[in-house]
Undergrad: 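Sharing a structure with you now.
Note that these values count all heavy atoms, side chains included, but never hydrogens, waters or copies made by symmetry.
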Amino acid sequence: MAVALLEGWCRIMGMDDQKALLVTGIPVDCEEAEVQAALQEALEPLGRHRVLGKIFRKQENANAVLLELLEAPDAAAVPGEVQGKGGAWKVVFKTPNQDSEFLQRLNLFLEKEGQTVSGMFRALGQEGATPATVPCISPELLAHLVGQAMAHAPQPLLPMRYRKLRVFSGSPAPAPEEEPFEVWLEQATEIVREWPMAEAEKKRWLMESLRGPALDLMHILQADSPAGSVEECLDAFKQVFGSLESRRTSQVRYLKTYQEEGEKVSAYVLRLETLLRRAVEKRAISRGIVDQVRLEQVMAGASLSGALWCRLRELQEQGPPPSFLQLVKVIREEEEEEATFDNDHAAPERDDREGRGRWENKVDH
């Protein structure tokens, strides 16, 4: 926390921290004359200054120096670094409105999340902190406090409010920033299941992502069944905006999907996974046997090399079938080995002239 070091050092020295600079990352073996020369050249636009002290920072294995600016500093003229021995030395400078800018951004962020600074500190267990006392806390200290509290919190703070859903309208001509329905639905379903909040709050959060016909449908559902759950709302969205593909159709489409000519096995598995998930969603395939069904379909629908076939057969016989990521890893490893083998055993280029000579020398009698 370089800014905190700057503030603390200035308090000890009894000086204004907004008229000081902290330069860190100075090599230990750098002579004082070298330090002075590098600082003089880099800080010349700031006018006169003087070095007040030097300390060794163990975490950086380097020195840091504190400088006092003897003239009113121009924040725009303060360099971000000084070129000196060993590379760039970092310059730390506290602008006059740095704390207020930080708190303003924090307030805007919390406002978007429907929270306040006071509410955040209550969630962190800091009951004594109020908006009136917060400006006395440096950004570094505040960030440290929030980080420590979140690390030891029994559950996430404002758990899913940070995971904003993309817009979905259900319009025939969706805007560029909108998500396709299947993607939006998958995100919404995952977050709703994990979010430990009241149903009313879940609905309000869900409605923030809706526009056009989708928002109209949500209003209709609210009017018809005010006590309905969010999952019931999502089921209604599936009926209105989801694919009309039947359970049997999704199952057949999955089982009749084979590797295409020129397509890698890994690419085939990725394409197959989309159809498999759709079949599971339609309850055409049980979620409990997904890994087994995936492996069987790959072995039946892909053109496998002998080595890859043996490896997949071994996985099938030895125990629980691999997950999607485990299967892709195995397949890609084999593809890499096959590619390496092919390159190593590629025939050397033939000299065309030599070849022509051999054929020309053969004369039919």
Side-chain angles (χ1 to χ4, degrees), residues 1-110 117 120-121 124 126 128-152:
M1 297 183 182
V3 174
L5 174 61
L6 171 65
E7 293 172 338
W9 204 345
C10 287
R11 281 196 297 270
I12 295 173
M13 301 291 293
M15 62 176 292
D16 186 352
D17 59 13
Q18 293 179 358
K19 293 183 179 180
L21 292 181
L22 181 70
V23 181
T24 64
I26 303 173
V28 177
D29 60 349
C30 189
E31 299 293 337
E32 184 175 349
E34 295 177 291
V35 175
Q36 290 283 4
L39 294 177
Q40 186 64 39
E41 181 181 355
L43 304 180
E44 184 177 359
L46 298 177
R48 295 180 303 141
H49 65 270
R50 63 177 179 177
V51 177
L52 298 180
K54 178 177 69 175
I55 61 172
F56 174 71
R57 303 190 72 194
K58 186 176 180 180
Q59 63 270 33
E60 295 182 357
N61 192 30
N63 289 329
V65 297
L66 178 69
L67 299 92
E68 180 183 13
L69 301 176
L70 302 178
E71 300 176 13
D74 178 6
V78 177
E81 57 186 29
V82 171
Q83 291 299 325
K85 183 176 181 179
W89 307 342
K90 184 180 178 183
V91 177
V92 180
F93 175 63
K94 184 177 178 182
T95 59
N97 58 347
Q98 182 172 337
D99 289 349
S100 60
E101 287 180 354
F102 174 83
L103 292 170
Q104 184 180 17
R105 291 195 298 270
L106 177 62
N107 275 308
L108 287 173
F109 172 75
L110 291 174
V117 174
M120 182 192 72
F121 276 99
L124 294 173
Q126 303 294 324
T130 66
T133 61
V134 168
C136 300
I137 302 176
S138 71
E140 287 74 20
L141 181 58
L142 181 58
H144 177 72
L145 177 63
V146 173
Q148 289 289 351
M150 292 182 71
H152 296 91

Undergrad: Evaluate the side chain to side chain contact (heavy atoms under 4.5 Å, CB included) criterion for residues Leu21 and Leu39: first the C-alpha distance (whole Å), next the side-chain angles of each, then the deciding distance (0.1 Å), finally the verdict.
TA: CA-CA 11 Å; Leu21 292 181; Leu39 294 177; over 6 Å; no

Undergrad: Are any non-hydrogen side-chain atoms of Gln40 and His49 less than 4.5 angstrom apart?
TA: yes

Undergrad: Rounded to the nearest 0.5 Å, what's the gap from NZ on Lys85 to CD on Glu31? Could you check?
TA: 7.0 Å

Undergrad: Look up atom CZ in Arg50 and atom CD in Glu68, then write down how far apart they are to the nearest 0.5 Å.
TA: 4.5 Å

Undergrad: For a side chain to side chain contact (heavy atoms under 4.5 Å, CB included) with Leu22, tell me which candidate from Leu67, Val92, Ile55 qualifies.
TA: Val92

Undergrad: For Phe93 and Leu69, which heavy atoms make the closest approach, and how far apart are they?
TA: CE1-CD1, 4.5 Å

Undergrad: Just wondering, are more than 12 heavy atoms of other shown residues or ligands nearer than 6.0 Å to CD in Glu60?
TA: yes

Undergrad: Indicate the atoms forming the closest heavy-atom contact of Ala62 with Val28, along with that distance.
TA: CA-CG2, 4.1 Å

Undergrad: Side chains of Met15 and Leu52, heavy atoms from C-beta outward: is any pair under 4.5 Å?
TA: yes

Undergrad: Closest heavy-atom contact between Val51 and Gln36?
TA: CG2-NE2, 3.9 Å

Undergrad: Is the shortest heavy-atom distance from the side chain of Cys10 to the side chain of Asp16 under 4.5 Å?
TA: no

Undergrad: For Glu32, does the CD atom have more than 12 heavy-atom neighbours from other residues, nucleotides or ligands under 6.0 Å away?
TA: no

Undergrad: If you compare all heavy atoms of Val82 against all heavy atoms of Ala42, which two are closest, and at what distance to 0.1 Å?
TA: CG2-CB, 3.7 Å

Undergrad: Within a radius of less than 6.0 Å around CD of Glu41, do more than 12 heavy atoms belonging to other residues, nucleotides or ligands occur?
TA: no

